[in-house]
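In this text, all values refer to a predicted model and were calculated from it rather than measured experimentally.
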Amino acid sequence: YATLTFDGATHVKVANMTIEQTGFSGDAVIFANGSRYDTVSNCVTRVNTSSTSSAYYNISFSSSTSSNSTGVDANYNVVQNNRIIGGYYGIRIYGSTTNLNTYNQILNNEIDSAYYYGIYSYYQDSLEVIGNSINMLSRAYQYAYGFRGYYSNNTVFAKNNVKSGGYAAYFYNYNTYSPVNRKFEISNNMLYAENYYGLYMYYVDSVNLFHNSVNVLGTNPALLIGGTASLPVSNYDMR
């Protein structure tokens, strides 16, 4: 299903390769079933660059090795210094409420020609997304997301350069399932959105929001911070 599969593998590093998926569905890389401390670095990962089908993921964290499934158990893995080309998702990592993924790192990658999501994450603890270039404009999809993250605490999103037709960066934290061990950090990012929000933050509490540049072409705000009376947000340091 995937060209490269980490199936319960630990302490494996794959580097300096081109990893291409040429079938009618599937992924370049899958992390699954308890994979820990694995690394993909300095590689080119490539899937279909013209299809709009969700059958194609580029790098997937999945609870199955034969499909893109939720509830993955994969922790302390590193995806760094890669060129990630094509797919409905560039990187998709999706844990569960009972099995949060811990301290996965997405570092210094170039993500290009993904259709809908550059990076898509659910149910993470201490996810780090740092130094990535995410360009969603080549597919010209007006609803595309550069980064979309749900239900995570202790996240670091820093030094990324994101360009998207829809949202550049979107964070949503109505429910969280891990304690706050460090403030949510969004810092030193360059965020560009053509149609919707540059930085959208809903129910995200306890945040360091430092030194970001946000540019939007549409009529929506560059930055939205939202909460409700029943679930207010607080403890922001904005500079």
Sub-6.0 Å ring centroid separation between [X] and [Y]:
{"X": "Phe184", "Y": "Phe171", "result": "yes"}
{"X": "Phe61", "Y": "Tyr94", "result": "no"}
{"X": "Tyr150", "Y": "Tyr123", "result": "no"}
{"X": "Tyr116", "Y": "Tyr141", "result": "yes"}

Checklist entry - Is Tyr197 linked to Ile225 within one hydrophobic cluster, defined over Ile, Leu, Val, Met, Phe, Trp and Tyr using a side-chain heavy-atom separation of less than 4.5 Å? => result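 The answer is no; the residues belong to distinct hydrophobic clusters.
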Item to check | Cation-pi, Tyr76 ring and Arg36 (6.0 angstrom, 45 degrees) | outcome: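 The answer is no; the distance or angle limit is not met.
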Item to check | Side chain Thr176, main chain Asn153, donor-acceptor under 3.5 Å | outcome: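 It does not hold such a pair.
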Item to check | Side-chain donor or acceptor of Asn212 paired with backbone N/O of Leu191 under 3.5 Å | outcome: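 Side chain of Asn212 to backbone of Leu191: no pair is present.
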For [X] and [Y], test the side chains for any donor-to-acceptor distance below 3.5 angstrom and give the result as yes or no.
{"X": "Asn68", "Y": "Asp27", "result": "yes"}
{"X": "Ser152", "Y": "Asn154", "result": "no"}
{"X": "Ser66", "Y": "Ser64", "result": "yes"}
{"X": "Thr18", "Y": "Glu20", "result": "no"}

Checklist entry - Is Ser63 close to Thr70 at the side-chain level, that is, under 4.5 Å between some pair of heavy atoms? => result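 In short, these two side chains do not touch, never coming nearer than 4.5 Å.
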Checklist entry - Counting heavy atoms not belonging to Lys183, are there more than 12 under 6.0 Å from its NZ? => result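 Counting neighbours around NZ of Lys183, more than 12 heavy atoms of other residues, nucleotides or ligands fall under 6.0 Å, so yes.
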Checklist entry - Are more than 12 heavy atoms from other residues, nucleotides or ligands located less than 6.0 Å from atom OH of Tyr37? => result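 For Tyr37, atom OH is not crowded (no more than 12 foreign heavy atoms under 6.0 Å).
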Item to check | Minimal non-hydrogen separation, Asn132 against Asn109, with atom names | outcome: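 Looking at all heavy atoms of both residues, the closest pair is OD1-N, 2.9 Å.
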Item to check | Verdict with reasoning, Tyr57 to Tyr88, per ring-ring contact (aromatic ring centres under 6.0 Å, His included) | outcome: CA-CA 6 Å; Tyr57 293 20; Tyr88 192 83; 7.1 Å; no
Item to check | Gln124/Ser178 under side chain to side chain contact (heavy atoms under 4.5 Å, CB included): CA gap, chis, key distance, verdict | outcome: CA-CA 9 Å; Gln124 303 297 303; Ser178 60; over 6 Å; no
